[in-house]
Amino acid sequence: MPLPSSTRRATLLLAALGLAGCSKSAFNGIDLTGASYAQGFELLDPEGQVRRLSDFRGKVVVVFFGYTQCPDVCPTTMGELRAVREELGELGEDLVTVFISVDPERDTPEILRDYQKAFGKGFHALSGSPEQVRQTAKEFKVVYQRVEGESAHYTVDHTAASFLFDRQGRVRVYSRYGTPAPALKADLEALLKG
């Protein structure tokens with residue numbers, strides 16, 4: 001079965017960045033410790049409050065770029081993150097997921113508020129102006145592109161991966177879409193206990 005176009009793009013991006021096949025690390029995902037990118041964001045939550053990565057200092061943070069009308073990758077990833085958080089029990093209370101919309105045109109504050117609520121405690125949905133989203137994606141080396149469909153409907157191809165940050169707000173792991181839940185849980189647990 002061919003990979004979704006967003007997964008193919010993410011794989012190509014990894015190869016271009018020289019991340020694919022890096023040396024062995026303590027993590028199951030790609031070790032980004034010391035990376036000079038993915039240093040932060042400044043976007044709006046559904047209430048119009050400016051949120052920054054530094055707001056979550058002391059917590060382990062997962063950042064994922066997507067959009068609420070995504071038919072597969074985004075809800076699957078958010079559901080897996082919710083399940084992992086629950087499996088971590090009390091330790092999971094210190095895990096925060098930040099969903100950054102790459103579709104600010106459709107992902108209004110009301111829609112993001114509902115999306116955030118659907119995944120429960122510890123989930124935050126952020127967006128901003130198209131330019132703010134572009135700049136944030138660039139900071140994270142995330143690619144996305146609107147794909148026109150029939151009539152007025154469109155989808156958005158996007159990098160399908162999660163960025164894991166330690167309690168000090170440092171990017172540590174790039175976790176590809178499709179990473180088995182036990183591997184993701186192990187990486188998050190290592191960061192939570194570290």
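A quick note: this is a predicted structure, and the numbers were derived from the prediction, not measured.
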Exercise for review: Would you kindly say whether Glu131 and Gln135 are connected by a side-chain donor-acceptor distance under 3.5 Å?
Suggested key: yes
Exercise for review: Kindly indicate, with the supporting measurements, whether the criterion side chain to side chain contact (heavy atoms under 4.5 Å, CB included) is fulfilled by Leu53 and Val61.
Suggested key: CA-CA 8 Å; Leu53 180 61; Val61 178; 4.1 Å; yes
Revision key, fill the gap. Between the CZ atom in Phe64 and the NE2 atom in His158, the distance rounded to the nearest 0.5 Å is 5.0 Å
Point to revise | Residue pair Gly128 / Pro104: nearest heavy atoms and the distance that separates them | key: O-CB, 3.2 Å
Review point. Strictly under 6.0 Å, is that where the ring centroids of Tyr174 and Phe163 end up?
Key: yes
**Study point:** Verdict with reasoning, Leu188 to Leu95, per side chain to side chain contact (heavy atoms under 4.5 Å, CB included)
**Key:** CA-CA 8 Å; Leu188 289 169; Leu95 177 62; 3.8 Å; yes
Exercise for review: Tell me, with the steps shown, if Gln145 and Val156 meet side chain to side chain contact (heavy atoms under 4.5 Å, CB included).
Suggested key: CA-CA 5 Å; Gln145 178 180 351; Val156 182; 6.0 Å; no
Check your understanding: To the nearest 0.5 Å, how far apart are CG in Leu43 and CZ in Arg52?
Key -> 10.0 Å
Study note, to complete from the structure: All heavy atoms of Ala181 vs all of Val84, minimum pair found to be O-CG2, 4.2 Å
Check your understanding: Within the distance-only criterion (no hydrogens, no angle test), does the side chain of Thr179 pair as donor or acceptor with the backbone N or O of Ser175 below 3.5 angstrom?
Key -> no
Practice item. State the CG-CZ distance between Leu112 and Arg106, to the nearest 0.5 angstrom. Key: 12.0 Å
Practice item. Kindly indicate, with the supporting measurements, whether the criterion side chain to side chain contact (heavy atoms under 4.5 Å, CB included) is fulfilled by Arg57 and Arg167. Key: CA-CA 6 Å; Arg57 184 106 355 128; Arg167 292 179 184 272; over 6 Å; no
Check your understanding: With a 4.5 Å limit on heavy-atom distance, are the side chains of Gln116 and Pro46 in contact?
Key -> yes
Study note, to complete from the structure: Between Arg172 and the options Thr33, Asp187, Asp31, the side-chain hydrogen bond (donor to acceptor under 3.5 Å, both in side chains) test singles out Thr33
Point to revise | Glu93 with Lys59: basic N within carboxylate O range, under 4.0 Å | key: no
Study note, to complete from the structure: Distance col, row Lys141:NZ vs Ser36:OG, nearest 0.5 angstrom, shows 6.5 Å
**Study point:** Residue pair Ser127 / Ile100, side-chain heavy-atom distance below 4.5 Å
**Key:** no
Review point. Taking side chain as C-beta onward, heavy atoms only, is Phe165 less than 4.5 Å from Arg170?
Key: no
Check your understanding: In terms of ring plane angle, is the pair Phe119 and Tyr115 parallel, tilted or perpendicular, where the classes change at 30° and 60°?
Key -> perpendicular
Point to revise | Leu184 side, atom CG; Leu164 side, atom CG - distance, nearest 0.5 Å | key: 6.0 Å
Point to revise | Residue pair Cys74 / Phe99, side-chain heavy-atom distance below 4.5 Å | key: yes
Check your understanding: Do the ring centers of Tyr144 and Phe65 come within less than 6.0 Å of each other?
Key -> no
Practice item. Please list, chain by chain and in numerical order, all residues satisfying side-chain contact (heavy atoms from CB on, under 4.5 Å) with Ala35, sequence neighbours excluded. Key: Leu32, Tyr37, Val171
Check your understanding: Going hydrophobic residue to hydrophobic residue with side-chain gaps under 4.5 angstrom, can you get from Tyr67 over to Tyr154?
Key -> yes
Check your understanding: In terms of hydrophobic clusters joined by side-chain contacts under 4.5 Å, are Ile111 and Val73 together?
Key -> no
Exercise for review: Could you tell me whether the side chain of Cys70 reaches within less than 4.5 Å of the side chain of Pro75, counting heavy atoms only?
Suggested key: yes
Point to revise | Lys/Arg-Asp/Glu bridge criterion (N-O < 4.0 Å) met for Arg51, Glu42 | key: no
**Study point:** From Thr97 atom OG1 to His124 atom NE2, the distance as rounded to the nearest 0.5 Å
**Key:** 8.5 Å
Check your understanding: Linking I/L/V/M/F/W/Y whenever their side-chain heavy atoms sit closer than 4.5 Å, directly or via other members, would Val98 and Leu44 fall into one cluster?
Key -> no
Review point. Between Asp157 and Arg146, is there a side-chain N and carboxylate O pair less than 4.0 Å apart?
Key: no
Check your understanding: Can you find a heavy atom in the side chain of His153 that is under 4.5 Å from one in the side chain of Glu148?
Key -> no
Revision key, fill the gap. Minimal heavy-atom distance between Ala183 and Asn28, with the atoms involved, is O-ND2, 3.2 Å
Check your understanding: Is there a donor in the side chain of Asp103 and an acceptor in the side chain of Ser101, or the other way round, less than 3.5 Å apart?
Key -> no
**Study point:** Distance-only donor-acceptor check, side chains Thr68 and Asp107, under 3.5 Å
**Key:** yes
Practice item. Compare all side-chain heavy atoms of Arg113 with those of Lys117 and state whether any distance is below 4.5 angstrom. Key: yes
Point to revise | Min side-chain heavy-atom separation Val63-Phe140 under 4.5 Å | key: yes
